[in-house]
Amino acid sequence: MSNKSLDIIHDEHRALAAMLSGLRGLVASIEAGRLKPDFELMASMIEYIEMVPEKVHHPKEDSYLFARLRERSAEALPIIERLEAEHREGDARMATLRAALEAYRREGESGLAGFQGALKTYIEHEWQHMNTEEHLIFPLARKHLSAEDWAHIDAAFLANDNPWQGPAGKYAALFTRIVNTAPAPVGLGGG
Ligand SMILES: [Fe+2]
Ligand SMILES: [Fe+2]
(Lines give C-alpha, C1' and ligand atoms only; values in the text may rest on other atoms or scores of the structure.)
(Ligands and ions follow the chains in the order given, each with its own letter.)
Protein backbone atom coordinates (compact mmCIF):
# COMPACT_ATOMS: atom_id res chain seq x y z
CA MET A 1 0.00 0.00 0.00
CA SER A 2 1.40 3.33 -0.99
CA ASN A 3 2.03 5.85 1.75
CA LYS A 4 2.91 9.48 1.00
CA SER A 5 5.34 10.14 3.84
CA LEU A 6 7.15 6.82 3.51
CA ASP A 7 7.39 7.35 -0.26
CA ILE A 8 8.98 10.76 0.35
CA ILE A 9 11.50 9.31 2.82
CA HIS A 10 12.28 6.50 0.39
CA ASP A 11 12.81 8.93 -2.51
CA GLU A 12 15.10 11.08 -0.39
CA HIS A 13 17.11 8.00 0.57
CA ARG A 14 17.55 7.14 -3.11
CA ALA A 15 18.68 10.71 -3.88
CA LEU A 16 21.21 10.60 -1.04
CA ALA A 17 22.44 7.18 -2.17
CA ALA A 18 22.89 8.54 -5.72
CA MET A 19 24.96 11.49 -4.47
CA LEU A 20 27.08 9.20 -2.27
CA SER A 21 27.75 6.68 -5.01
CA GLY A 22 28.52 9.54 -7.40
CA LEU A 23 31.13 10.86 -5.00
CA ARG A 24 32.55 7.37 -4.45
CA GLY A 25 32.76 6.83 -8.23
CA LEU A 26 34.49 10.17 -8.69
CA VAL A 27 37.11 9.26 -6.07
CA ALA A 28 37.62 5.82 -7.66
CA SER A 29 38.26 7.51 -11.03
CA ILE A 30 40.81 9.82 -9.42
CA GLU A 31 42.54 6.85 -7.80
CA ALA A 32 42.64 5.04 -11.15
CA GLY A 33 44.23 8.10 -12.79
CA ARG A 34 41.26 8.73 -15.09
CA LEU A 35 40.43 12.10 -13.49
CA LYS A 36 42.28 14.92 -11.79
CA PRO A 37 40.88 15.80 -8.36
CA ASP A 38 38.32 18.60 -8.50
CA PHE A 39 38.23 19.78 -4.89
CA GLU A 40 35.51 22.37 -5.48
CA LEU A 41 33.23 19.71 -6.92
CA MET A 42 33.89 17.25 -4.09
CA ALA A 43 33.34 20.01 -1.52
CA SER A 44 30.01 20.94 -3.10
CA MET A 45 28.88 17.30 -3.09
CA ILE A 46 29.69 17.11 0.62
CA GLU A 47 27.91 20.43 1.16
CA TYR A 48 24.80 19.03 -0.54
CA ILE A 49 24.91 15.89 1.61
CA GLU A 50 25.17 18.12 4.66
CA MET A 51 22.49 20.64 3.70
CA VAL A 52 19.79 18.28 2.57
CA PRO A 53 19.84 14.92 4.37
CA GLU A 54 21.49 16.10 7.54
CA LYS A 55 19.61 19.36 7.98
CA VAL A 56 16.24 18.61 6.37
CA HIS A 57 15.61 14.87 6.05
CA HIS A 58 16.61 13.64 9.51
CA PRO A 59 14.82 16.41 11.47
CA LYS A 60 11.63 15.61 9.57
CA GLU A 61 11.90 11.91 10.51
CA ASP A 62 12.49 12.80 14.16
CA SER A 63 9.71 15.38 14.48
CA TYR A 64 6.89 13.56 12.72
CA LEU A 65 7.34 9.89 11.94
CA PHE A 66 9.44 8.88 14.95
CA ALA A 67 7.53 11.20 17.30
CA ARG A 68 4.23 9.41 16.55
CA LEU A 69 5.62 5.90 16.30
CA ARG A 70 7.37 6.09 19.66
CA GLU A 71 3.94 6.62 21.28
CA ARG A 72 2.43 3.65 19.48
CA SER A 73 5.01 0.86 19.48
CA ALA A 74 7.19 -0.32 22.36
CA GLU A 75 8.98 -2.56 19.87
CA ALA A 76 9.99 0.45 17.78
CA LEU A 77 11.30 2.46 20.73
CA PRO A 78 14.88 1.09 21.01
CA ILE A 79 15.28 1.27 17.22
CA ILE A 80 14.04 4.87 17.15
CA GLU A 81 16.39 5.80 19.98
CA ARG A 82 19.35 4.37 18.08
CA LEU A 83 18.37 6.18 14.86
CA GLU A 84 17.86 9.47 16.69
CA ALA A 85 21.28 9.09 18.33
CA GLU A 86 22.74 8.56 14.85
CA HIS A 87 20.98 11.73 13.65
CA ARG A 88 22.56 13.68 16.52
CA GLU A 89 26.01 12.36 15.53
CA GLY A 90 25.47 13.62 11.96
CA ASP A 91 27.30 16.91 12.46
CA ALA A 92 30.37 15.17 13.85
CA ARG A 93 30.39 12.62 11.02
CA MET A 94 30.13 15.40 8.41
CA ALA A 95 32.95 17.30 10.11
CA THR A 96 35.16 14.19 9.90
CA LEU A 97 34.41 13.83 6.19
CA ARG A 98 35.08 17.53 5.49
CA ALA A 99 38.35 17.38 7.47
CA ALA A 100 39.48 14.35 5.45
CA LEU A 101 38.79 16.24 2.19
CA GLU A 102 40.71 19.27 3.51
CA ALA A 103 43.66 17.04 4.45
CA TYR A 104 43.60 15.55 0.94
CA ARG A 105 43.54 19.03 -0.62
CA ARG A 106 46.48 20.08 1.59
CA GLU A 107 48.59 16.95 1.25
CA GLY A 108 47.89 16.08 -2.36
CA GLU A 109 48.05 12.51 -3.55
CA SER A 110 49.21 11.09 -0.20
CA GLY A 111 45.94 12.30 1.32
CA LEU A 112 43.74 10.36 -1.10
CA ALA A 113 43.68 7.09 0.86
CA GLY A 114 42.63 8.92 4.03
CA PHE A 115 39.77 10.66 2.27
CA GLN A 116 38.71 7.45 0.57
CA GLY A 117 38.66 5.67 3.96
CA ALA A 118 36.60 8.44 5.57
CA LEU A 119 34.14 8.36 2.68
CA LYS A 120 33.81 4.57 2.90
CA THR A 121 33.05 4.80 6.62
CA TYR A 122 30.49 7.54 6.04
CA ILE A 123 28.74 5.66 3.23
CA GLU A 124 28.60 2.36 5.16
CA HIS A 125 27.06 4.17 8.10
CA GLU A 126 24.45 5.89 5.93
CA TRP A 127 23.51 2.64 4.19
CA GLN A 128 23.06 0.84 7.47
CA HIS A 129 21.00 3.76 8.82
CA MET A 130 18.70 3.96 5.78
CA ASN A 131 18.27 0.18 5.69
CA THR A 132 17.26 0.15 9.35
CA GLU A 133 14.66 2.81 8.62
CA GLU A 134 13.26 1.07 5.57
CA HIS A 135 13.39 -2.52 6.82
CA LEU A 136 12.56 -2.12 10.52
CA ILE A 137 10.78 1.22 10.98
CA PHE A 138 8.63 1.30 7.84
CA PRO A 139 6.88 -2.03 8.62
CA LEU A 140 6.29 -1.07 12.25
CA ALA A 141 4.91 2.31 11.16
CA ARG A 142 2.56 0.66 8.67
CA LYS A 143 1.39 -1.76 11.35
CA HIS A 144 0.95 0.57 14.32
CA LEU A 145 0.09 4.05 13.07
CA SER A 146 -3.56 4.97 12.67
CA ALA A 147 -5.17 6.83 9.77
CA GLU A 148 -5.24 9.90 12.00
CA ASP A 149 -1.49 9.54 12.70
CA TRP A 150 -0.78 9.33 8.99
CA ALA A 151 -2.94 12.35 8.24
CA HIS A 152 -0.90 14.35 10.77
CA ILE A 153 2.45 13.07 9.43
CA ASP A 154 1.51 13.43 5.75
CA ALA A 155 0.27 17.00 6.30
CA ALA A 156 3.61 17.94 7.82
CA PHE A 157 5.63 16.20 5.12
CA LEU A 158 3.62 17.66 2.25
CA ALA A 159 3.45 21.15 3.79
CA ASN A 160 7.24 21.34 3.89
CA ASP A 161 8.96 23.28 1.25
CA ASN A 162 10.26 20.59 -1.10
CA PRO A 163 13.42 19.86 0.88
CA TRP A 164 15.34 18.94 -2.25
CA GLN A 165 14.65 22.44 -3.55
CA GLY A 166 15.23 24.27 -0.29
CA PRO A 167 14.58 27.89 0.49
CA ALA A 168 14.58 29.91 -2.74
CA GLY A 169 15.74 26.89 -4.72
CA LYS A 170 19.10 26.92 -2.94
CA TYR A 171 19.62 23.15 -2.89
CA ALA A 172 18.29 22.75 -6.42
CA ALA A 173 20.91 25.25 -7.60
CA LEU A 174 23.60 23.33 -5.74
CA PHE A 175 22.38 20.05 -7.21
CA THR A 176 22.38 21.53 -10.74
CA ARG A 177 25.91 22.83 -10.24
CA ILE A 178 27.08 19.36 -9.15
CA VAL A 179 25.34 17.59 -12.02
CA ASN A 180 26.72 20.05 -14.58
CA THR A 181 30.27 19.81 -13.25
CA ALA A 182 30.62 16.13 -12.45
CA PRO A 183 31.73 13.74 -15.16
CA ALA A 184 29.34 11.02 -16.36
CA PRO A 185 27.83 8.91 -14.85
CA VAL A 186 27.64 11.39 -11.94
CA GLY A 187 26.60 14.27 -14.15
CA LEU A 188 26.73 15.84 -17.54
CA GLY A 189 30.19 17.42 -17.45
CA GLY A 190 33.05 16.11 -19.52
CA GLY A 191 35.46 13.63 -17.92
FE1 LIG B 1 17.31 8.89 9.47
FE1 LIG C 1 16.18 8.55 6.58
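Every number for a ligand or one of its atoms is a count from 1 in the order of the listing. Not measured: the values here are computed from a predicted model.
The Fe ion (ligand 2) has no N, O or S atom of H58 closer than 2.8 Å. Under 2.8 Å from the Fe ion (ligand 1) lies no N/O/S atom of D62, from backbone or side chain alike. Not a single N, O or S atom of H57, from either the backbone or the side chain, sits less than 2.8 Å from the Fe ion (ligand 1). Note on H129: not counted as a metal contact of the Fe ion (ligand 2), no N/O/S atom lying under 2.8 Å.
Classified by interplanar angle (parallel below 30°, tilted 30° to 60°, perpendicular above 60°), the ring pair H13/F138 is parallel.
Checked against the Fe ion (ligand 1), the N, O or S atom of E133 at the shortest distance is OE2. For H13, the N, O or S atom closest to the Fe ion (ligand 2) goes by the atom name NE2. Restricting E61 to its N, O or S atoms, the one at the least distance from the Fe ion (ligand 1) is OE1.
Note on R106 versus E102: no salt bridge recorded, every NZ/NE/NH1/NH2 to OD/OE distance being 4.0 Å or above. Salt-bridge annotation for R93 and E86: absent, with no side-chain N of the basic residue lying under 4.0 Å from a carboxylate O of the acidic one. Ion pairing of R98 with E47 is absent here, as no side-chain N (NZ or NE/NH1/NH2) approaches a carboxylate O to less than 4.0 Å.
In this structure, the separation between CZ on R14 and CD on E134 is 4.5 Å, given to the nearest 0.5 Å.
With hydrogens and angles disregarded, a donor-acceptor distance shorter than 3.5 Å links the side chain of D149 to the backbone of S146.
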